[in-house]
There are 2 protein chains.
Amino acid sequence: MRDAPAPRARPTMEDVAARAGVSRALVSIVFRNQPGASEATRQRVRDVASKLGYAPDQRARLLGRKRTGQLGVAFGLQHGFHGELVEAMYAPAEHTGYELVLTGFAPSRSEGRAIDDLLAYRCEAVIVVGPTMRTRDLVALSKQLPTVVLARRVPGGAVDVVRTDDIDGARQATQHLIAQGHQRILHIDGGRAPGAAERRRGYRQSLVAAGLDPMPFIGGGLTEMDGARAGNTVAAMLRRRRGKPSAVFAFNDQCALGLLQAVGAAGFTVPDDLAVVGYDDSRVARLPWVELTTIGQDVRELAKKAVDQASARIHHPADRLETIVSPELVVRSTSRATKSPRR
Amino acid sequence: MRDAPAPRARPTMEDVAARAGVSRALVSIVFRNQPGASEATRQRVRDVASKLGYAPDQRARLLGRKRTGQLGVAFGLQHGFHGELVEAMYAPAEHTGYELVLTGFAPSRSEGRAIDDLLAYRCEAVIVVGPTMRTRDLVALSKQLPTVVLARRVPGGAVDVVRTDDIDGARQATQHLIAQGHQRILHIDGGRAPGAAERRRGYRQSLVAAGLDPMPFIGGGLTEMDGARAGNTVAAMLRRRRGKPSAVFAFNDQCALGLLQAVGAAGFTVPDDLAVVGYDDSRVARLPWVELTTIGQDVRELAKKAVDQASARIHHPADRLETIVSPELVVRSTSRATKSPRR
DNA sequence: GCCTCCTACTAGAGCGCTCTAGTATGTTAC
DNA sequence: GTAACATACTAGAGCGCTCTAGTAGGAGGC
């Protein structure tokens with residue numbers, strides 16, 4: 001890049017002004033849709049601009065302005081769910097008058113570096129999607145500029161957070177199974193993953209509230225492999241005479257999928273031998289041969305709240321808020337009662 | 001956003017210069033790692049800067065510079081594969097001295113809008129990942145500024161392209177099946193999807209070269225559902241006495257997965273009754289209960305070539321190149337010979 | 001001594017916009 | 001006629017950097 005030539009020169013506002021026979025300021029007025037230009041002039045300026053292939057230079061634009069009107073978003077390039085959230089942010093951002101600046105993180109590119117980019121662009125606020133960085137770093141960031149953490153819990157109340165109510169989601173899943181007549185319900189947990197602690201709690205609360213005994217957690221995880229491993233454990237339990245489980249609430253859909261696989265391979269039938277509920281309502285959960293009952297997160301709502309909250313924080317830096325969005329149970333065939341009610 | 005307050009004032013180069021007792025220009029030199037400052041001064045400036053929480057303003061930086069050094073990347077927020085490619089671009093971009101500016105497209109946000117953002121940021125070149133927009137629009141874009149289309153074929157040679165050699169991939173898949181002794185090999189095709197025509201061609205060429213008869217294409221598609229539908233057709237063929245296929249090459253892994261499901265549900269065994277090869281080497285293909293033989297695209301290489309080519313195009317705008325990266329066969333158990341060789 | 005050369009630094013003009021504070025040219029009121 | 005007030009437009013000072021063209025001052029050569 002050392003000896004690179006200057007890039008193809010693109011027309012500036014000056015060029016447009018000259019060709020249209022007006023001042024630079026007037027062109028600026030036209031492009032900002034501000035009052036102060038006649039309709040005829042506006043049209044002329046627009047025509048000239050499009051003839052020249054002119055588009056305002058965003059960098060200069062932002063520099064001159066008091067505010068940048070930019071909202072930075074850092075998200076995981078590998079997480080399909082993050083992509084969905086980002087997509088859903090565009091509409092509310094536009095509506096609120098902000099522009100989104102994206103930066104991705106991944107195993108090969110740390111969250112810190114991604115966020116540095118956003119700082120350099122002078123975003124007015126940042127939305128960090130599902131970060132794994134330490135709470136203290138997030139707190140430090142939030143002292144530098146308004147920060148909203150999306151889809152992750154941050155204890156301490158020092159940072160703005162928008163997330164799904166995982167306790168409620170786990171509760172819905174468990175209560176659904178209870179309502180189906182299940183009494184011995186297992187939870188394949190997510191270990192130290194974000195949300196795992198809440199899901200454990202929601203599961204346990206529901207059982208206790210229904211007068212049932214929580215069963216010990218089975219170590220699970222986030223992936224199909226983790227689920228399959230747990231599934232083997234569950235299959236072993238199913239072979240016992242007494243005390244065998246009749247339903248499982250898995251940490252997420254991928255985990256549930258692995259579990260379904262292992263349990264099926266061991267010769268058991270879902271939902272007759274074992275009902276299964278996942279979490280996330282991912283695409284695979286909807287496949288006709290999977291039809292996994294699951295808990296759906298409200299992507300649209302999460303994205304909108306995150307943008308709104310970032311905007312609110314720009315106006316009132318002192319506040320701090322934790323917004324919790326309710327998830328929704330999606331009943332499919334892995335948990336539907338098929339035969340007689342159980343006892 | 002109308003009556004928003006000015007954002008928290010952040011320190012400027014001026015502030016750092018004043019506090020360090022040097023000129024603005026010197027601070028600039030330090031932050032650009034240019035020669036012209038003593039080591040002691042560098043250290044002092046750096047210290048002061050970090051004490052003030054100063055980071056150079058990217059907008060101003062780019063404005064002042066002749067070149068922006070920015071590479072725009074437009075990608076699909078919903079495509080996991082796009083995310084992987086973007087991730088793999090960061091390293092080569094840094095190495096070449098460019099910075100990546102990301103913008104996403106999705107059903108709710110058109111590719112055109114995404115690209116407009118990149119134009120506004122005065123990127124020196126853009127890399128468009130797997131666009132579905134019309135060829136003529138891509139050609140028009142490439143006239144405005146250096147453009148590289150990644151992971152899609154663009155006929156006419158008017159646009160720079162970096163893509164996987166799908167003909168070769170299909171050939172590898174088919175030849176592998178032939179080498180395993182299969183003689184009646186089906187192709188579940190991808191219809192009008194990008195790459196589908198090439199994969200059909202590669203499949204047919206290999207069969208003809210081996211003196212075998214290509215079988216009629218089975219209408220497939222990109223999703224598990226499409227694969228399952230095709231799978232039912234294949235299962236019906238397997239029940240016949242004569243002329244039944246012994247292997248299938250599916251358009252992609254998702255399609256292959258649906259097919260495996262349908263064929264399995266119909267009571268057939270893989271790979272004994274039917275060998276299956278997919279395409280993409282996606283995460284699911286690696287699951288131990290799937291172990292799908294597939295064709296892997298070289299993400300790292302694709303990303304690197306895309307960045308290199310964008311950089312080359314900035315220097316030599318007149319050229320146009322089509323870079324084709326070879327895919328690689330990954331043999332797993334859905335195609336491994338298990339019993340006797342077939343005739 | 002003076003001249004040259006090097007290193008360490010500074011002055012100041014942009015970059016392409018935005019935005020405040022104007023100036024012209026009506027139009028209306030009285 | 002002129003004051004009052006629109007509306008349509010312009011001048012020009014920033015915004016926070018980069019970068020060219022300089023200056024100051026010390027080391028070294030002869």
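Atoms considered below: every heavy atom in the structure, side chains included; atoms not considered: hydrogens, waters and symmetry mates. To find a chain, count down the sequence lines: A is the first, B the second, and so on, and within it residues start at 1.
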Using side-chain hydrogen bond (donor to acceptor under 3.5 Å, both in side chains) as the criterion, list what pairs up with A:Asp116, not counting sequence neighbours.
none

Rounded to the nearest angstrom, tell me the gap between atom CE in A:Met13 and atom P in C:dG14.
20 Å

Test: side-chain hydrogen bond (donor to acceptor under 3.5 Å, both in side chains). Region: residues 11-24 of chain B. Which pairs qualify, not counting sequence neighbours?
none

Quick check: on DNA chain C, is the nucleotide nearest A:Ser28 upstream (toward 5') of the one nearest B:Gly64, or the reverse? Name the residue that is more 5'.
B:Gly64

Length of the line joining A:Tyr121:OH and D:dC15:C1', which is rounded to integer Å
17 Å

Test of understanding: with side chain to side chain contact (heavy atoms under 4.5 Å, CB included), list the residues that count as partners of A:Ile324, not counting sequence neighbours.
A:Arg163, A:Asp165, A:Glu322

Could you name each residue pair satisfying salt bridge (charged side-chain N to carboxylate O under 4.0 Å, His left out) that touches residues 81-97 of chain A, not counting sequence neighbours?
A:Glu94-B:Arg113

Who pairs with A:Ala49 by side chain to side chain contact (heavy atoms under 4.5 Å, CB included), at least two apart in sequence or on another chain?
A:Val16, A:Phe31, A:Tyr54

Heavy-atom closest contact (A:His82 atom, A:Phe75 atom, distance)
ND1-C, 3.9 Å

Any residue meeting side-chain hydrogen bond (donor to acceptor under 3.5 Å, both in side chains) with B:Glu111, in chain and number order, not counting sequence neighbours
B:Thr132

In residues 46-61 of chain A, which residues come under 4.0 Å of DNA chain C by heavy atom?
A:Tyr54, A:Asp57, A:Ala60, A:Arg61

Closest approach to the side chain of B:Arg32, judged atom by atom: which nucleotide of C:dC15, D:dT18, D:dC17 is it?
D:dT18

For atom CZ of A:Phe31 and atom P of C:dT18, their distance in whole Å:
10 Å

Atom pairs under 3.5 Å, N or O on each side, protein against nucleotides 9-13 of chain D: can you list them with distances?
from, atom 1, to, atom 2, distance (Å)
D:dC9, OP1, A:Thr41, OG1, 2.9
D:dC9, OP2, A:Ser38, N, 2.9
D:dC9, OP2, A:Ser38, OG, 3.2
D:dC9, OP2, A:Thr41, OG1, 3.0
D:dT10, OP1, A:Ser23, N, 3.3
D:dT10, OP2, A:Ser23, N, 2.8
D:dT10, OP2, A:Ser23, OG, 2.6
D:dA13, N6, A:Arg24, NH2, 3.2

Under the side-chain hydrogen bond (donor to acceptor under 3.5 Å, both in side chains) rule, collect the residues that match up with A:Asp57, sequence neighbours excluded.
A:Arg59

Applying side-chain hydrogen bond (donor to acceptor under 3.5 Å, both in side chains), name anything that partners A:Asp137, two or more places apart in sequence or on another chain.
A:Arg134

For A:Glu14 and C:dC17, what is the distance between atoms CD and P respectively, to the nearest whole Å?
9 Å

Side chains of B:Ser28 and B:Arg32: any donor to acceptor distance under 3.5 Å?
yes

To the nearest 10 degrees, the angle between the two end axes of the helix from C:dG1-D:dC30 to C:dC30-D:dG1 (five pairs per end) comes to 50°

In whole angstrom, what separates A:Lys66's NZ from C:dT18's P?
12 Å

Could you state the atom-to-atom distance from CZ of A:Arg65 to C1' of C:dC17 in whole Å?
10 Å

Here the distance between atom P of C:dC9 and atom CD of B:Gln34, to the nearest Å, is 15 Å

Does A:Thr323 have any side chain to side chain contact (heavy atoms under 4.5 Å, CB included) partners at least two apart in sequence or in another chain, and if so, which?
A:Val162, A:Lys305, A:Gln309, A:Leu321

To the nearest Å, give me how far apart CG (B:Leu62) and P (C:dG16) are.
13 Å

